[in-house]
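Taking it in order: structure first as structure tokens, then the write-up.
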Amino acid sequence: MQPTLTEQTVDGVTFLTDAALFDEAGIRVAFTQRHGGVSESPYATLNLSTYVGDDVDHVAQNRERICRVLGLNENAIWTLNTANQIHGAHVAVAVDGAYEHPMTDALITAHTDTPLLLCFADCVPIILVDRTRDALAVVHAGWRGTLEKIAARTIIALTETYGCDPADLIAYIGPYIGLQHFTVNHEIGAQFSATFGTLIAGETYIESDDEVRLDLGVAIEETLVGAGVVACNIINPKIDTMAHAGAPTGAWFSYRAENGTTGRHGALACVCS
């Protein structure tokens, strides 16, 4: 099976997924878009985060809806694991039953019918799948987590907890703020340049007098390969959230494009029974 990400729409909810992985192995991976939910502006409409000021009942309805349209077990909402994300590099092992992990930016599991959900609005979503062991991870990588190589830390956790071989992993990288829009100051840019040799000056690392623009996805791909993931098993469609943000027509939430007040789309993975 050659991994891929394609767009599907079910009952008005659009998401990126690997349909063959679901059909052949019963593993669902999905990066949700912002449409098809019940949340109102500025969280319109499929906001999946409880930490942005949205009505918690709306978030609960949105989470139930996404579990349903993804074809998960009807009780999936009661076993969903999520987290209070802090832009760090802590990895947690999911529990058997619904739970919100404190101060965590990556979740791993080998439990069946235990969805993992993390939320995003410009940071990089990563889903790792070992279909030989039915083990999964969902990772939230902001620029701090990228520098701390949270993707590699998560692979170590999968290896130590479930005996995964990094060479067996598929890595799906979802939509994130792209090269044309992601800027940092020169001090932070220098840290990236020193850490990630694949950031090419003038191409994926562009300096100006005031700032540096860089491609976080390239840094994460380098981290994944360095941790043992085979390059052909890394899927990165390079969809820029900021370039495709904003209600009513934008596909994704973007913290920067919407001045910090917006919803969050999700990265979700589940081994289905």
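Below, each value reflects all heavy atoms present in this structure, side chains not excepted, and no hydrogens, waters or symmetry copies.
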Could you check whether D11 pairs with R65 (Lys NZ or Arg NE/NH1/NH2 to Asp/Glu carboxylate O, under 4.0 Å)? no

With a 4.0 Å cut-off, would you call E258 and R34 a salt bridge? yes

Centroid-centroid distance, H58 to Y43, less than 6.0 Å: no

Count the heavy atoms belonging to other residues, nucleotides or ligands that lie under 6.0 Å from OH of Y255, then report whether that count exceeds 12. no

Can you tell me if N236 and E221 form a side-chain donor-acceptor pair at under 3.5 Å? yes

Using modelled atom types and a 3.5 Å cut-off, is there a donor and acceptor pairing between side-chain atoms of T241 and backbone atoms of F253? no

Could you go step by step and tell me if R63 and L117 meet the side-chain contact (heavy atoms from CB on, under 4.5 Å) rule? CA-CA 9 Å; R63 289 180 175 182; L117 171 68; 3.8 Å; yes

Please check if the side chain of T45 supplies one atom and the backbone of S39 the other of a donor-acceptor pair under 3.5 Å. no

Any side-chain heavy-atom pair from L16 and I239 closer than 4.5 angstrom? yes

Got I234 and V225 here, is their nearest side-chain heavy-atom distance under 4.5 Å? yes

Give the intermediate values and the outcome of side-chain contact (heavy atoms from CB on, under 4.5 Å) for residues N47 and V52. CA-CA 9 Å; N47 168 51; V52 295; 3.7 Å; yes

Partners meeting salt bridge (charged side-chain N to carboxylate O under 4.0 Å, His left out) with D18 (sequence neighbours left out): none

Yes or no on side-chain hydrogen bond (donor to acceptor under 3.5 Å, both in side chains) for T79 and D113, after CA distance, side-chain angles and deciding distance? CA-CA 7 Å; T79 58; D113 294 325; over 6 Å; no

SG-CG distance between C67 and L72, expressed to the nearest 0.5 angstrom: 5.0 Å

Which word best sums up how the rings of W252 and H265 line up, parallel for under 30°, tilted for 30 to 60°, or perpendicular for over 60°? perpendicular

Calculate, to the nearest 0.5 Å, the distance between atoms CG and CG belonging to D240 and D122 respectively. 8.0 Å

For H101, which of N81, N84, T82 qualifies under side chain to side chain donor-acceptor pair (under 3.5 Å)? N81

Side chains of V13 and H35: closer than 4.5 Å at any heavy-atom pair? no

Do Y176 and D215 have a side chain donor and acceptor closer than 3.5 Å? yes

Under a 3.5 Å threshold, yes or no: a donor from one side chain and an acceptor from the other, between D130 and T132? yes

Show your working on side-chain contact (heavy atoms from CB on, under 4.5 Å) between R264 and T262 and close with a plain yes or no. CA-CA 7 Å; R264 300 293 187 272; T262 189; 3.6 Å; yes

Is the closest side-chain heavy-atom distance between V218 and Y205 below 4.5 Å? no

If the threshold is 4.0 Å, N to carboxylate O, is there a salt bridge linking R133 and D165? no

Do R28 and F22 form a cation-pi contact, if we require the NZ or CZ to be under 6.0 Å from the six-membered ring centre and within 45 degrees of the ring's axis? yes

Under a 3.5 Å distance rule, please check whether T104 uses its side chain to pair with a backbone N or O of A106 as donor and acceptor. no

Whether the side chain of D105 engages the backbone of H87 through a donor-acceptor N/O pair (distance < 3.5 Å, no angle test) should be reported. yes

Hey, is the main chain of V212 close enough, under 3.5 Å, to the side chain of E207 for a donor-acceptor pair? no

Any side-chain donor paired with an acceptor under 3.5 Å for Q33 and T14? no

Taking it one step at a time, do T32 and L46 satisfy side-chain contact (heavy atoms from CB on, under 4.5 Å)? CA-CA 8 Å; T32 65; L46 193 67; 4.3 Å; yes

Could you check whether any side-chain N or O of T114 sits under 3.5 Å from a backbone N or O of A110, counting only pairs where one atom can act as donor and the other as acceptor? no

